[in-house]
Amino acid sequence: MMDFFKETIWFIPCYTLIGGIVALLWSPGIIRQTGSRPAGYVNLLMTSFAFLHSVIALYEIWDIPPQDIRFTWLQAADLTISFDIRVSAVSVGALVLITGLNVLSQLYAVGYLEMDWSWARFFALMGFFEAGMGGLALCNSLFFSYVYLEILTLGTYLLVGFWFAQPLVVSGARDAFWTKRVGDILLLMSVIALYPFSKTWNYTDLGIWAQTANVNPTFITILCFGLIAGPLAKCAQIPLQLWLDEAMEGPLPASILRNSIVVATGAYVLIQLQPVLALSPMASEAVLFIGSLTAVLASLIAIAQVDLKRILSYTVSAYMGLVFIAVGTNHPQTALLLIVVYAIAMALLYTSMGAIILNSITQDVTQLGGLWSSRPFCGIGLLVGMVALTSMPPFGGFWILSRLGMEVSTPLMVIVALVNCLTAFSLTRVFCLVFLGARKQMSMRSPEVLWAMIIPMMILMGYALHLPLIFDQFNLIGLNLNEGIVLTILTIIGIVSSAIIYGKKSSDSVVKSIPESIQKLFANDLYIQDIYKVTIIALVNFTAKVANWCDKYIVDGAVNLVGFTTLLGGQSLKYSTSGQSQLYIFSILLGLVFVALIFGLSM
């Protein structure tokens, strides 16, 4: 019986795909009698089946060497495109993480969207979303990885634009889609350009090819930059990070899955492309630079925000920057473990803060306060998520961040420590402003949420607390005492300093002591959006105006001139159609004279 689960691992992404298709039966106009709630329950059941299948399969294949499954999809001339699947502990472990978090996200959605009328559409999209991520986890082909990333981009657009009647939702979905498209186009160009040299898109074969590849350094550097562009946009790294903040306009249960798993899919692809990226030292340096820059700046931007969603969004970008550092230093296993720690802790933070957003009039942390007595579950969830994400022993972040600090150089170790300290400071600030102090007008009425939202929070809290034991069971963690002590001290400094500043009423005076120009710089996202407006957007607008002028006065002008000439000629000739033969003969003679003159002048 157990062999069945091991041999049918490829079917796991199909569970939620089937659930999503079945959910469409409850769309308006098909099944009206029962309402749309059965669609949610069907998807929740199918996702649970996928999770159980993944867990059993992981237990069965943990000690077995990776297995490759290949289906030829297209073969023409010298082009062979195969659908490759790699069954390994990493890919099936990714399936466990994806399906488990999707089960909790959908259960959370049962409470969060209790009064929403379009359950069928939401849960169908969540099913397609998970199917895309599951397919990407098993995929062993760069070409089909790009296809799956496109599916996730489309899923992001549809889920962010779920409440399409709201203008901010429409603009947020549009911006998220087009920002990702910038990276996707460059990624597609590089994927196509790579094939003539490697003759394969299979990740395993690409690794073998990279060992003996003799490629022009300039070409491989440009190609690697294109391969980096797609994951850079997916992971919301600077300068393509703005979409993640606007994507929070969608339903928060979808944000839980997107901001904990989907943003990490770009890094997952980069990890598998590591042998190719190693061919260009400049590309690896670019990954390090982008990751380091984003990690530090996003952490500072998060501290300057007052909107709960924006704080968490920039925390996501900062942690993905740490994953980029692990990838750039060629430590793929550490990068994968960072993704696991990050996914569980970030999902916990979103479930706890989502409950606050749902039952509060505002999501401005400066207008909340004193919620600890009425919202203890959310407060505990925030605290556990914070210590799980940062280097606080004995939680998961402590072991993995210490491992990263041990593997990188001293300057990068400083960046890791700084980001860890700033993240602890930022999340402690949120806790103090939201849960401590006296109640404010906006937080006078903020009751606890439904059980369907509390249960996922408690389950995630349990996993976050026990994650080190899971790592230890599979021999995945180790510790260098020096790095661990340094990171822990900086975590405590970040927590204590934030508690001192924001746990008292003196926080306003501390904030005012910071120059207003610096405050505005980070509060306005380093003015990146304004820079886009005066550069890229201005260039696009100018190009559009030039194209419109050419189309109006040159292209349309030429067509209109031909039409006007034809019309004028027709109007002139209509006077010659009188029915008199002598007039027709006279017209023919005039034509002959005109032709003779033309030929005579040309000679």
Side-chain angles (χ1 to χ4, degrees), residues 231-232 235-238 241 263-264 266-267 270-271 274 284-303 312 314-346 349 385-428 464 467-468 471 476-498:
L232 184 147
C235 295
Q237 299 294 283
I238 290 176
Q241 87 287 2
V263 293
L270 271 188
I271 291 169
Q274 190 69 51
S284 299
E285 292 296 327
V287 172
L288 278 177
F289 176 75
I290 293 170
S292 302
L293 184 68
T294 304
V296 175
L297 293 181
S299 299
L300 292 171
I301 292 173
I303 296 174
L312 293 180
Y314 277 101
T315 303
V316 170
S317 295
Y319 211 90
M320 282 295 102
L322 297 182
V323 175
F324 264 54
I325 290 176
V327 173
T329 54
N330 196 19
H331 294 101
Q333 188 177 26
T334 303
L336 290 171
L337 293 176
L338 279 171
I339 291 174
V340 174
V341 170
Y342 153 81
I344 295 176
M346 190 55 64
L349 290 173
M386 177 185 66
V387 296
L389 193 64
T390 57
S391 182
M392 177 64 73
F395 305 104
F398 168 73
W399 299 96
I400 308 306
L401 288 174
S402 299
R403 173 174 175 164
L404 177 62
M406 176 182 64
E407 293 173 341
V408 300
S409 61
T410 301
L412 292 175
M413 170 62 187
V414 172
I415 292 175
V416 173
L418 177 62
V419 172
N420 176 66
C421 180
L422 292 174
T423 302
F425 184 94
S426 176
L427 295 177
T428 304
L467 193 58
F471 284 160
L476 294 174
I477 56 177
L479 176 66
N480 184 289
L481 190 59
N482 294 330
E483 281 75 11
I485 292 175
V486 171
L487 290 171
T488 300
I489 291 174
L490 288 173
T491 302
I492 295 173
I493 290 174
I495 293 174
V496 172
S497 59
S498 182

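For the numbers below, each heavy atom of this structure counts, side chains included, while hydrogens, waters and symmetry mates do not. Predicted model, so just to flag it, every value in this text is computed and none were measured.
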### Message
Would you compute the distance between atom CD1 of I238 and atom CG of L232 and round it to the nearest 0.5 angstrom?
### Response
9.5 Å
### Heavy-atom donor-acceptor pair, S299 side chain to L422 backbone, under 3.5 Å
no
### Query
Roughly how far apart are S498 OG and L427 CG, rounded to 0.5 Å?
9.0 Å
### Message
Counting C-beta onward and ignoring hydrogens, is there a side-chain heavy-atom pair between F471 and V341 closer than 4.5 Å?
### Response
yes
#### Entry: Shortest non-hydrogen contact from L312 toward M346
O-SD, 4.5 Å
### Message
Is there a side-chain contact between L300 and Y314 in this structure, where contact means two heavy atoms from C-beta onward sitting under 4.5 Å apart?
### Response
no
### Query
A464 and A388: which non-hydrogen atoms are nearest, and at how many Å?
CB-CB, 4.0 Å
### Message
A side-chain contact here means heavy atoms from C-beta on lying under 4.5 Å apart; do H331 and L404 qualify?
### Response
no
### Query
Measuring from I339:CD1 to I400:CD1, what's the distance to the nearest 0.5 Å?
12.0 Å
#### Entry: Non-hydrogen atoms of T390 and L401 that approach each other most closely
C-CD1, 4.0 Å
### Task
Please tell me if the side chains of I492 and I495 come closer than 4.5 Å, counting only heavy atoms from C-beta onward.
no
### Message
Under the side-chain hydrogen bond (donor to acceptor under 3.5 Å, both in side chains) definition, can you give me all pairs with a residue in residues 410-421, not counting sequence neighbours?
### Response
N420-T491
### Query
So, do Y342 and V323 sit near enough that their side-chain heavy atoms are less than 4.5 Å apart?
no
### Message
Are S402 and F398 packed together at the side-chain level, in the sense that at least one heavy-atom pair is separated by less than 4.5 angstrom?
### Response
yes
### Where G328 and S284 come nearest, the two heavy atoms and their spacing
O-CB, 4.0 Å
### Query
Looking at CZ of F425 and CE of M386, how far apart are the two atoms once the value is rounded to the nearest 0.5 Å?
12.5 Å
### Message
Quick check on side chain to side chain contact (heavy atoms under 4.5 Å, CB included): which of V408, I325, L288, L293 does I415 satisfy it with?
### Response
I325
### Query
Does a donor on one side chain and an acceptor on the other come within less than 3.5 Å for E407 and T334?
yes
### Query
Is there a side chain to side chain contact (heavy atoms under 4.5 Å, CB included) between L418 and L490 once you walk through the steps?
CA-CA 8 Å; L418 177 62; L490 288 173; over 6 Å; no
### Query
Can you name the closest pair of heavy atoms from L322 and L338 and give their distance?
O-CD1, 4.0 Å
### Summary
Scanning both residues in full, the closest heavy-atom pair of W399 with P468 reads NE1-CB, 3.8 Å
### Task
Any chance you could measure I271, atom CD1, to N330, atom CG, to the nearest 0.5 Å?
11.0 Å
### Atom pair CD (Q237) and OG1 (T294), whose distance is rounded to the nearest 0.5 Å
4.0 Å
### Query
Is any side-chain heavy atom of L270 less than 4.5 Å from a side-chain heavy atom of F324?
yes
### Task
Start with the C-alpha gap between M392 and L487, add the side-chain angles, then the distance that decides, and say whether side chain to side chain contact (heavy atoms under 4.5 Å, CB included) holds.
CA-CA 8 Å; M392 177 64 73; L487 290 171; over 6 Å; no
